[in-house]
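In what follows, a structure is listed as structure tokens, so that the remarks can point back to it.
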Protein chains: 2
Amino acid sequence: MKRNSKLSIALHVLGHMAVKPEEPFTSEQMAAFAATNPVVIRRTLGQLRGAGLVTSERGKLGGWKLSKAPDAISIADVYRALDERLYVGNKGGDENPPQCAIEIGLAGAINQGLERAENAFQHSIESTTLEDLAAALRQ
Amino acid sequence: MKRNSKLSIALHVLGHMAVKPEEPFTSEQMAAFAATNPVVIRRTLGQLRGAGLVTSERGKLGGWKLSKAPDAISIADVYRALDERLYVGNKGGDENPPQCAIEIGLAGAINQGLERAENAFQHSIESTTLEDLAAALRQ
DNA sequence: TCATATTGTAACTATGATAGTTACATGAAA
DNA sequence: TTTCATGTAACTATCATAGTTACAATATGA
């Protein structure tokens, strides 16, 4: 089992979809692309559907399609749709709020750093699109 | 159990040490500061000793001390000494090297983004020192 | 030299996040 | 009405990491 593989699974299968944007792909086909399980594909693409990046149809002739042109979907769009963060801080719920003044000051410095890191990351991956990934496959 | 707590544990106890830089602290005392176990402290500070940030002495009167002035140790120094990264990519060992052209192109784009994020993070936390953390406690 | 207090570290357990899997209901098409 | 697809709940497997126990090594001082 790989950790943090949701993004790479998603981008991998979306790259394949981008090669033939009109053709619906089943979750079984895509599971083969990414060497994983169809249910994992459905769960992951389900999140992307919620963000308007893909559509799905049930029944015979069903499957998944991109809902925009491949060059209109960036890696950053997918990253944000999956709601991932570079660094998951110590429990969002925070049932143990920091008491000590050190922890409080520390959280400020760290969080500012993380925010800048997050911005730098998203900015960097904003310029690569699914079309770029598909192009790599066509060669 | 908190994830990614090594850095926050380390900085928390180092902040306390920075208030009294000449006094040796035992791992038991520091475990109390950070609400954790003495062995966890020894393991964590052991890494920092390897990086020359702290020293330790065994036996009676033993314990841990900073090996530099508190304002000469930045949060970034500690972060680097612990060898943490914002994002641990899919297994450094890589017994499953990427075959598909999509994965290869993808890795390039993602890794460039991660490198930029990492740089932004370290740069941001470079300016906060243990002295700043200690100051928060003195007020 | 012995009692005591401390670090150093190996080995194990516990926890939690996440992927993988099974099973089945829902829905669409021929 | 058969077939094939998604949707999703519920469970299992895996792995990273923190926590814990146990004990050897070492330093101090009576």
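Quick note on labels: first sequence line is chain A, next is B, and so on, each numbered from 1.
Below the 3.5 angstrom threshold, one finds no donor paired with an acceptor across the side chain of Arg49(B) and the base of dG8(C).
Contact check, Thr26(A) against dA5(D): no side-chain N or O comes under 4.0 Å of OP1 or OP2. Contact check, Thr36(B) against dG19(D): a side-chain N or O comes under 4.0 Å of OP1 or OP2.
With values rounded to the nearest 0.5 angstrom, Lys65(A) atom NZ is found 10.0 Å from Glu23(A) atom CD.
The distance from atom NZ of Lys60(A) to atom C1' of dG27(C) is 14 Å, rounded to the nearest whole Å. What separates NZ of Lys65(A) from P of dA5(D) is a distance of 15 Å, to the nearest Å. Taking atom CD1 on Ile9(A) and atom C1' on dG20(C), their separation rounds to 10 Å, with Å as the unit. In this structure, Met30(A) atom CE and dA5(D) atom C1' are separated by 11 Å, rounded to whole Å. Look at CD on Glu28(A): it is 17 Å from P on dT3(D), rounded to the nearest Å. Straight-line distance from the CG atom of Asn37(B) to the P atom of dA18(D): 12 Å, rounded to whole Å. Per the geometry, CZ belonging to Phe25(B) stands 18 Å off C1' belonging to dA5(C), to the nearest Å. Atom P of nucleotide dT17(D) and atom CZ of Arg85(B) are separated by 13 Å, given to the nearest angstrom.
A salt bridge is absent between Asp83(B) and Arg80(B): the closest approach of a Lys/Arg side-chain nitrogen to an acidic carboxylate oxygen does not fall below 4.0 angstrom. A salt bridge links Glu131(A) to Arg138(A): one of the charged nitrogens lies within less than 4.0 Å of a carboxylate oxygen.
Looking at the side chain of Leu61(B), the nearest of the listed nucleotides dG20(C), dG29(D), dG19(D) is dG29(D). Among the nucleotides dT21(C), dG7(D), dT20(D), the one closest to the side chain of Arg42(A) is dG7(D). Side-chain atoms of Trp64(A) lie closest to dT6(D) of the nucleotides dT6(D), dG8(C), dA9(D).
The nearest heavy atom of DNA chain C to Arg43(B) and to Ala35(A) marks one nucleotide each, and the one closer to the 5' end goes with Arg43(B).
Contact check of residues 50-58 of chain B against DNA chain C (heavy atom, cut-off under 4.0 Å) returns Ser56(B), Glu57(B), Arg58(B).
Put simply, the side chain of Gln47(A) never gets that close to the backbone of Thr44(A): no donor and acceptor are under 3.5 Å apart.
Taking a 6.0 Å sphere around CD of Glu115(A), one finds it holds 12 or fewer heavy atoms contributed by other residues, nucleotides or ligands. Residue-environment remark: CD (Glu126(A)) exceeds the threshold of 12 foreign heavy atoms within 6.0 Å.
Using a 4.0 Å heavy-atom distance criterion, Gly46(A) is classed as making no nucleic acid contact.
Taking the six-membered ring where tryptophan is involved, the planes of Phe121(A) and Tyr79(A) are perpendicular, since the angle between them exceeds 60° and thus also 30°.
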